[in-house]
Number of protein chains: 2
Amino acid sequence: MQSSPVDDVDRELLDQLQRDAGRTLRELGDLVGLSPSAVQRRITRYRADGVLAGQVAVLDAARLGVVLAVVLVTLELDSPAHHHAFAERVRGVGEVQQCYALTGRWDYLVVLSTPDAERCREVGDELFRRDPNVKRYEVLPVFDAVKTGLAVSL
Amino acid sequence: MQSSPVDDVDRELLDQLQRDAGRTLRELGDLVGLSPSAVQRRITRYRADGVLAGQVAVLDAARLGVVLAVVLVTLELDSPAHHHAFAERVRGVGEVQQCYALTGRWDYLVVLSTPDAERCREVGDELFRRDPNVKRYEVLPVFDAVKTGLAVSL
DNA sequence: TATGAAATTCCCTAAAC
DNA sequence: GTTTAGGGAATTTCATA
């Protein structure tokens with residue numbers, strides 16, 4: 001759980017895992033010049049340190065006909081309680097794929113992911129229009145996912 | 001590679017895989033009421049159909065001290081060639097975590113992920129300020145990642 | 001065309017060094 | 001850090017409705 005030193009091999013290994021976590025310890029070891037056991041020991045350490053949160057399947061949104069939308073939101077009141085309430089609310093909604101608290105002209109960026117355009121509008125209405133906590137919001141429909149992922153550059 | 005019918009079990013299975021792809025076929029089978037063999041067969045089919053793109057490791061950005069920023073971009077010229085050039089450029093930059101083509105007041109949403117704030121500013125400058133193709137852009141630093149992921153609701 | 005069960009192979013895991 | 005040994009999972013094959 002404590003911060004361990006991160007060397008070049010760690011960076012390379014974490015980078016590879018972010019690209020494809022479906023490879024064997026042998027394959028990963030060949031890539032970074034380590035034995036499978038050494039790779040496993042490092043990965044175990046990442047988990048214990050909390051650096052590696054988990055592994056998830058990535059679906060092809062376009063092929064599934066999923067509709068994405070970006071929503072910029074500003075709250076009515078700037079109190080911690082209101083921000084906490086908003087954060088908890090969006091966290092519990094399955095159609096909210098991502099949500100970031102911002103500094104600047106907008107308070108939040110919300111990424112919506114829905115099976116179709118109608119559902120997208122419904123969720124947006126339900127989530128923002130009906131919330132008196134929301135002062136203003138702007139929906140920017142996505143027409144192409146140029147690049148997606150969760151990879152962080154180390 | 002062709003579109004297969006997606007039944008309730010498929011939806012449940014894909015949903016579970018999006019939450020945690022690190023479980024055994026037995027565990028997944030228990031969740032959806034199928035034998036390990038049947039689960040594996042379905043997963044193989046998802047891959048063949050292109051519905052399942054892959055599996056990736058998710059790192060804890062906050063713990064790694066990663067700095068995120070959201071950038072809204074509008075291009076100077078609206079031609080397909082200019083859009084293609086922009087898309088190709090951001091795709092090749094490691095610090096660009098996500099990029100979506102939008103409809104509305106902005107052409108693109110770009111999510112930057114960098115080791116620190118200085119690098120974030122550098123990448124933003126290099127990527128947008130120096131590009132004559134970019135008419136205007138607005139950087140919105142991320143204060144807090146309320147919710148992250150790539151999961152699509154089915 | 002789907003399933004579940006069995007047999008094989010391979011990998012992950014945890015030792016010992 | 002590597003090598004080794006054992007248990008477990010993934011994969012394949014097969015029988016079936």
Side-chain angles (χ1 to χ4, degrees), chain A residues 1-60 63-66 115 149-154, chain B residues 1-60 63-64 115 149-154:
Chain A
M1 195 67 175
Q2 63 181 4
S3 63
S4 302
V6 177
D7 62 19
D8 289 341
V9 175
D10 287 324
R11 264 183 286 272
E12 175 64 23
L13 200 46
L14 289 168
D15 191 53
Q16 290 294 341
L17 288 170
Q18 286 189 109
R19 297 184 197 206
D20 180 6
R23 286 174 290 198
T24 64
L25 297 175
R26 167 186 287 276
E27 289 174 303
L28 292 167
D30 289 343
L31 284 169
V32 301
L34 248 54
S35 70
S37 294
V39 172
Q40 195 219 5
R41 199 174 290 113
R42 294 204 181 217
I43 292 179
T44 301
R45 184 164 58 82
Y46 304 151
R47 259 192 271 268
D49 291 349
V51 170
L52 178 54
Q55 56 184 323
V56 299
V58 181
L59 307 189
D60 190 323
R63 188 174 292 269
L64 287 164
V66 168
L150 296 174
V152 298
S153 60
L154 308 166
Chain B
M1 194 67 176
Q2 63 180 3
S3 63
S4 303
V6 177
D7 62 20
D8 289 342
V9 174
D10 287 323
R11 263 182 288 272
E12 175 65 23
L13 199 47
L14 289 168
D15 191 54
Q16 290 294 340
L17 288 169
Q18 285 188 108
R19 298 183 196 203
D20 180 6
R23 287 174 291 198
T24 64
L25 297 175
R26 167 186 290 275
E27 289 174 304
L28 292 168
D30 289 343
L31 286 169
V32 302
L34 247 52
S35 70
S37 297
V39 172
Q40 200 224 10
R41 242 191 307 272
R42 293 202 181 220
I43 293 178
T44 301
R45 198 186 79 222
Y46 304 151
R47 259 191 271 268
D49 292 350
V51 170
L52 178 53
Q55 56 185 322
V56 300
V58 180
L59 307 189
D60 190 323
R63 189 175 293 270
L64 286 164
L150 296 174
V152 300
S153 61
L154 308 166

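Naming convention: chains lettered A, B, ... in sequence-line order (proteins, then strands); numbering from 1 in each chain.
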Any salt bridge between [X] and [Y], counting N to O under 4.0 Å?
X: B:Arg26; Y: B:Asp30; result: no
X: A:Asp7; Y: A:Arg42; result: yes
X: A:Asp10; Y: A:Arg45; result: yes

Rounded off to whole Å, could you give me the [atom1]-to-[atom2] distance for the [X] and [N] pair?
X: B:Arg42; N: D:dA10; atom1: CZ; atom2: P; result: 17 Å
X: A:Asp8; N: D:dG1; atom1: CG; atom2: C1'; result: 17 Å
X: B:Arg45; N: C:dT1; atom1: CZ; atom2: C1'; result: 11 Å

- request: Ignoring hydrogens and angles, tell me if any N or O in the side chain of B:Arg23 forms a donor-acceptor pair with the backbone of B:Gln16 under 3.5 Å.
  value: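 At least one qualifying donor-acceptor pair exists.
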- request: Produce a footprint string for nucleotides 5-15 of chain C: one letter per nucleotide, 5' end first; B if the base is under 4.0 Å from any protein heavy atom, S if only the sugar-phosphate is, - if neither.
  value: BB----SSBBB
- request: Determine whether more than 12 heavy atoms belonging to other residues, nucleotides or ligands lie under 6.0 Å from atom CZ of B:Arg11.
  value: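 Counting neighbours around CZ of B:Arg11, more than 12 heavy atoms of other residues, nucleotides or ligands fall under 6.0 Å, so yes.
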